[in-house]
Amino acid sequence: MTNVWCVRAEFGTFTKHFVEGGYVAIGWLPSTDLSSIKSRDELYPIYKAEHPDDTSNIVIGQQVGQIARFLLEIAAGDYVITPAADTEWLHYGQVAPEPSYYFAAGDDGCPYRHRRRVVWAKKRLKRGDFSVPFQNTIRSSLTVFAVSQRDEFLAAIGRSDLAPRSAPSLYDPYRVVLEQVLELDDKEFEILVGYLLTALGFEGSEVTGKTGDGGVDAKGVLNVANLAKVEVFVQAKRYKFGAKVSANTVRQLRQAIPFGGQGAFITTADFQNAAADVALEPGFPRIGLLNGRQLVDLLIEHWGDIPPEFRERLGLKPGLVLA
C-alpha cells in the first residue's frame with residue numbers, strides 16, 4: 001500500500017534545498033552514516049551517544065521514533081509532503097527506488113545529512129484546498145509523521161491505488177449536512193456562525209446579518225490559548241451547490257479589513273481559483289477561505305459547542321463518518 005508522509009524542512013527554511021536537490025532530509029545524528037541500520041533498537045545507543053544531555057526516555061523515544069520512521073518505514077513509491085516556508089503551499093513527491101537513503105556531505109546549504117531521494121512533482125498543492133482534518137494533521141509539531149488522510153491526498157493529485165467499488169455509493173454525508181444548513185433562515189445561520197466562531201476561539205465576536213443576502217459579517221479577536229491574539233473580520237455566505245465565490249467578492253472583503261487585521265470567508269459552496277489567489281496575494285491582509293466541506297468538518301469537530309437544537313437540525317453527532 002502506498003503511504004503518505006510529511007517531512008518538515010525546518011519550518012520551510014530548507015524546502016528549496018529539498019525540492020531543487022531531489023531529496024528530503026533529517027538531522028539528529030550528523031556524525032553517523034545509518035546505511036547499515038536494520039532496526040529501531042540499533043538507533044538508541046547511537047542517539048544517546050550523540051545527545052548525552054537528553055536523559056528523558058520520552059524525548060529519546062520520540063526522536064528515535066522519527067529517525068526510525070524516516071529510515072525504516074518510508075518506502076520506495078511512498079509520497080512525501082513538505083510545507084513551503086509560507087505554509088500556504090505544499091510540495092509533494094514520490095520516494096525514489098531503493099536504495100533511496102544516502103548520507104550526504106551537507107555542503108549544499110542544508111545541514112541535514114540523512115537523506116532520501118525524492119522525485120518532486122512540478123506543481124504545488126494549496127493547503128487550504130484540503131479538509132480540516134487533513135490540515136490539522138499537517139500542523140503536527142513532529143518532523144516526520146504519517147498522513148492518515150492518504151485517500152484524500154491521492155485523490156487531490158489524481159492518483160488512487162484503491163480497488164474500485166462494485167457499486168458506488170450515492171450517499172454524500174457532507175451534502176446532507178449542507179442541505180440542512182441551507183434550510184436555516186438568515187437569523188438561524190447568523191446564530192450558528194456565531195457559535196462556531198466562539199468554538200474556534202473568538203472573543204467578543206460581533207455578528208451582524210445583512211438583510212436579504214443570507215450572509216453574515218462578523219469580527220472578533222481570535223485568541224490562541226492566550227499566546228497570540230489576531231483581529232479577524234469574517235464574512236459568511238450561503239450559496240447553492242455548484243456555485244463558486246468569485247475573486248471580486250473576496251476582494252470586497254479584503255478592502256474592508258483595516259491595517260493589522262486578517263480576514264476569513266466562510267461559504268457553503270466553493271471558491272474560484274482566482275478567489276484563492278486574491279486571498280493569498282502578497283502585500284495584502286491574508287484571508288482564510290473555508291468552503292462547504294470544510295465548514296461541515298468544523299461543525300463536526302466542534303459539535304459539542306453547538307447547541308443541541310442545531311445539532312439535531314443539522315444531523316450532527318460524534319463520530320459522524322464523512323469519508
Side-chain angles (χ1 to χ4, degrees), residues 1-15 17-19 21-85 87 90-106 110-120 127 130-154 161 225:
M1 182 178 70
T2 302
N3 291 312
V4 181
W5 307 87
C6 182
V7 180
R8 295 192 180 281
E10 190 65 40
F11 302 102
T13 302
F14 302 110
T15 297
H17 295 79
F18 283 15
V19 175
Y23 62 83
V24 286
I26 60 171
W28 283 306
L29 305 175
S31 304
T32 308
D33 186 339
L34 302 177
S35 300
S36 62
I37 297 297
K38 302 299 180 183
S39 71
R40 176 172 176 163
D41 289 342
E42 296 176 67
L43 293 170
Y44 280 97
I46 300 173
Y47 183 88
K48 291 178 179 178
E50 293 210 28
H51 298 273
D53 292 335
D54 285 352
T55 57
S56 167
N57 289 333
I58 294 176
V59 173
I60 294 172
Q62 176 173 284
Q63 308 298 55
V64 169
Q66 293 186 85
I67 299 169
R69 205 170 295 134
F70 182 86
L71 190 67
L72 305 173
E73 296 183 31
I74 295 178
D78 283 353
Y79 285 96
V80 290
I81 298 170
T82 297
T87 74
L90 303 173
H91 294 271
Y92 74 93
Q94 208 163 11
V95 180
E98 300 297 350
S100 64
Y101 169 84
Y102 65 101
F103 190 56
C110 176
Y112 303 145
R113 303 182 66 184
H114 304 291
R115 301 181 180 182
R116 302 288 300 266
R117 293 183 177 86
V118 171
V119 179
W120 293 100
R127 186 175 185 158
F130 287 92
S131 69
V132 171
F134 182 98
Q135 295 185 54
N136 288 342
T137 296
I138 295 298
R139 290 190 185 98
S140 171
S141 61
L142 297 175
T143 298
V144 183
F145 57 91
V147 177
S148 57
Q149 297 83 8
R150 61 178 293 275
D151 296 344
E152 180 181 353
F153 170 81
L154 292 175
D161 58 0

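By convention here, the first residue in the shown sequence is residue 1. Just so you know, these numbers use all the heavy atoms, side chains as well, and skip hydrogens, waters and symmetry mates.
Looking at Ser140, its side chain does come within 3.5 Å of a backbone N or O of Leu142 through a donor-acceptor pair. Between the side chain of Gln66 and the main chain of Gln63, no donor-acceptor pair closer than 3.5 Å is present.
Here the side chains of Thr82 and Leu90 are not in contact, with every heavy-atom distance at 4.5 Å or above. Looking at Thr32 and Ile37, their side chains never come closer than 4.5 Å, going by heavy atoms from C-beta outward. Pro133 is not listed as a side-chain neighbour of Ser148, based on a closest heavy-atom distance of 4.5 Å or more. Side-chain contact between Cys110 and Tyr23 is present, with at least one heavy-atom pair separated by less than 4.5 Å.
At a cut-off of 3.5 Å, with distance as the only test, a side-chain donor of Asp33 or Ser35 sits close to an acceptor on the other residue. Judged purely by distance below 3.5 Å, without hydrogens or angles, the side chains of Thr143 and Arg8 never pair a donor atom with an acceptor atom.
Counting all heavy atoms, side chain and backbone alike, Ile60 lies closest to Lys48 at CD1-CE, 4.1 Å. Taking all atoms of both residues into account, the shortest heavy-atom contact from Phe14 to Pro111 is CZ-CD, 3.4 Å. Nearest heavy atom pair, residue Tyr44 against residue Gly61, reads OH-CA, 4.2 Å. The shortest heavy-atom contact between Arg116 and Val95 is NH2-CG1, 4.0 Å. In terms of heavy-atom proximity, Arg113 sits nearest to Ala105 at NE-O, 3.9 Å.
Once rounded to the nearest 0.5 Å, the distance linking CH2 of Trp120 with NE2 of His91 reads 8.0 Å. To the nearest 0.5 Å, atom CD1 of residue Ile138 and atom SG of residue Cys6 are 4.5 Å apart. Rounding to the nearest 0.5 angstrom, the gap separating the CD1 atom in Ile81 from the OH atom in Tyr92 is 10.0 Å. Note that OH of Tyr112 and CG of Leu29 are 13.0 Å apart. Values are rounded to the nearest 0.5 Å. For the atom pair Ser131 OG and Asn136 CG, the distance stands at 8.5 Å (nearest 0.5 Å). Distance CD/Gln94 to OG/Ser100: 11.5 Å, rounded to 0.5 Å.
In this structure Gln149 satisfies the side chain to side chain donor-acceptor pair (under 3.5 Å) test together with Thr137, sequence neighbours excluded.
Considering Phe153, Phe130, Phe134, Tyr79 as possible partners of Val147, the one that fulfils the side chain to side chain contact (heavy atoms under 4.5 Å, CB included) test is Phe134. Among the candidates Val144, Val24, Val4, Asn3, the single residue satisfying the side chain to side chain contact (heavy atoms under 4.5 Å, CB included) test with Val80 is Val24.
Taking the centre of each ring, His114 and Phe103 come in below the 6.0 Å mark.
Classified by interplanar angle (parallel below 30°, tilted 30° to 60°, perpendicular above 60°), the ring pair Tyr47/His51 is parallel.
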Original post:
Going through the checks in order, is the side-chain contact (heavy atoms from CB on, under 4.5 Å) test met by Phe18 and Val118?
Top reply: CA-CA 9 Å; Phe18 283 15; Val118 171; over 6 Å; no

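In this structure, Arg117 does not pair ionically with Glu98, as no charged nitrogen and carboxylate oxygen lie closer than 4.0 Å.
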